[in-house]
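Before any comments, here is the structure.
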Amino acid sequence: MIDSKKYMTTICILLGILIVSVVTINIFISSLTGIFTIFIDMIAAIISLSIIFSILITNKVIKDKKVNVLGMKINFKIVSLLFPIITFVADSVGISKNEIRKVYVKLNNKYIYSNKYNIKNEEILILIPHCVQKNSCKLKVTTNIETCAKCGLCNIGDLVKLKEKTNVNIFVATGGTLARKIIIDNKPKAIIAVACERDLTAGVQDVRKIPVLGVFNKRPNGPCVDTSIDVKEIEEAIKFFTSN
């Protein structure tokens, strides 16, 4: 569940800080040349208008209202550029960074879904975190998920069946470094990544030239322990990449 109010609050605080900063700067540099003052004001105006534009588009996306592809693309670039500042402001006022990350991943997914792809199943790479596997399981599937015994205690067995059914590539990544290596070695044309808010955000930002759809894992036992996946959500993502 995405709490858009926390994200919007953070953005409005950022906009307020920008406006106050510009007013303060104008007061202190009033004795300097007018050209410099105009230059500062122009930059501030552009940033302010970009933030206001982003607020309007993001609000529509979160509420699942129709937004044209160009608008979503521009907005996602704005949010990506300002993301470090947005998370810093959120953290400073006591808003969880994960709430901001959820919005970021949703904006990314909506932008990806607004495009059309015609990708073969074997060109799709699915990355899942190792915490999906039952913690007590003696069979480690980090190198090959097909070693799974399909006992039904975790989603790994479901993913093995999905791999057999669709012929997509599915790998378990124990961290960002291994995930990057898997991507380099397999050279996919599309990625479906399953992870927590932090890892998904980092993954989307890290992979620039390949479309990445993010799927949040479920954490009934807390982070990094016996997490689960909505396999149907992954199937829908596969159909999207291959059906156009």
Side-chain angles (χ1 to χ4, degrees), residues 1-23 41-117 190-219 230 232-234 236-237 239-241 244:
M1 184 67 180
I2 295 177
D3 189 349
S4 60
K5 291 182 180 179
K6 292 181 179 179
Y7 179 85
M8 292 303 177
T9 299
T10 303
I11 293 293
C12 289
I13 291 172
L14 176 59
L15 184 60
I17 292 171
L18 177 64
I19 293 171
V20 171
S21 299
V22 171
V23 172
D41 289 344
M42 285 181 62
I43 293 176
I46 292 170
I47 296 174
S48 298
L49 289 172
S50 298
I51 292 174
I52 293 170
F53 170 82
S54 180
I55 290 172
L56 296 173
I57 298 297
T58 299
N59 188 53
K60 284 187 175 182
V61 170
I62 291 173
K63 291 182 178 180
D64 294 321
K65 293 182 178 180
K66 189 175 181 180
V67 181
N68 65 65
V69 178
L70 181 60
M72 280 195 284
K73 183 177 181 179
I74 294 172
N75 178 49
F76 188 64
K77 287 185 178 295
I78 292 170
V79 174
S80 297
L81 186 64
L82 296 176
F83 190 76
I85 302 172
I86 296 171
T87 52
F88 175 79
V89 172
D91 192 46
S92 300
V93 297
I95 294 174
S96 172
K97 290 181 180 179
N98 278 345
E99 297 298 332
I100 307 302
R101 290 165 179 153
K102 285 178 183 176
V103 174
Y104 182 83
V105 173
K106 176 152 188 175
L107 291 175
N108 168 75
N109 286 357
K110 282 287 186 179
Y111 172 59
I112 298 298
Y113 274 118
S114 70
N115 291 280
K116 291 185 178 182
Y117 302 91
I191 298 171
I192 302 167
V194 181
C196 61
E197 292 85 353
R198 182 189 64 184
D199 290 346
L200 274 183
T201 301
V204 170
Q205 292 176 331
D206 197 36
V207 181
R208 298 289 185 182
K209 296 182 179 181
I210 305 171
V212 180
L213 280 176
V215 177
F216 294 116
N217 59 0
K218 297 176 175 62
R219 304 183 288 274
D230 185 347
K232 288 185 178 179
E233 192 172 351
I234 296 177
E236 289 173 1
K239 288 178 182 178
F240 164 73
F241 278 130
N244 289 315

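Positions are given from 1, in the same order as the sequence printed here.
By the 4.5 Å heavy-atom criterion applied to side chains, Glu236 and Ile192 are not counted as neighbours. Looking only at side-chain heavy atoms (C-beta outward), Tyr111 and Val69 come within less than 4.5 Å of each other.
Arg219 is linked by a salt bridge (charged side-chain N to carboxylate O under 4.0 Å, His left out) to Glu197, counting only residues two or more places apart in sequence or in another chain. Every side chain to side chain contact (heavy atoms under 4.5 Å, CB included) that Asn68 has, sequence neighbours left out, goes to Leu70. Shown here are the side chain to side chain contact (heavy atoms under 4.5 Å, CB included) partners of Asp230, two or more places apart in sequence or in another chain: Lys218, Lys232, Glu233. Residues passing the ring pair (Phe, Tyr, Trp, His ring centres under 6.0 Å) test with Phe53: none are found, sequence neighbours excluded. Applying the side chain to side chain contact (heavy atoms under 4.5 Å, CB included) rule to Val93 yields the partners Ile13, Ile95; only residues at least two apart in sequence or on another chain are considered. Qualifying side chain to side chain contact (heavy atoms under 4.5 Å, CB included) partners for Asp91, counting only residues two or more places apart in sequence or in other chains: Lys97.
Considering CD1 of Ile11 and CD1 of Ile86, their distance stands at 3.5 Å, rounded to 0.5 Å. Interatomic distance, Leu82 CG to Leu14 CG, rounded to the nearest 0.5 Å: 6.5 Å. The CD1 atom of Ile19 sits 12.0 Å away from atom CD1 of Ile47, with the distance rounded to the nearest 0.5 Å. A distance of 8.0 Å separates NZ of Lys73 from CG of Asn115, quoted to the nearest 0.5 Å. Remark: Lys6 NZ to Asn98 CG distance equals 10.5 Å, nearest 0.5 Å. Note that SG of Cys12 and CD1 of Ile55 are 4.5 Å apart. Values are rounded to the nearest 0.5 Å.
Screening residues 60-83 for ring pair (Phe, Tyr, Trp, His ring centres under 6.0 Å), with sequence neighbours left out, gives Phe76-Tyr104, Phe83-Tyr104. Here side chain to side chain donor-acceptor pair (under 3.5 Å) pairs that include residues 50-59, with residues two or more places apart or in two chains, are Ser54-Asn75, Thr58-Asn75.
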Check against side chain to side chain contact (heavy atoms under 4.5 Å, CB included), Ile100 and Phe88: CA-CA 10 Å; Ile100 307 302; Phe88 175 79; over 6 Å; no
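A salt bridge is absent between Asp199 and Arg101; no separation between the charged side-chain nitrogens and carboxylate oxygens falls under 4.0 Å.
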Would you list the atom pairs, donor with acceptor, under 3.5 Å between side chains in residues 205-215 and any protein atom, with sequence neighbours excluded?
unit_1, atom_1, unit_2, atom_2, d
Asp206, OD2, Arg180, NH1, 3.3
Arg208, NE, Gln205, O, 2.9
Arg208, NH2, Gln205, O, 3.4

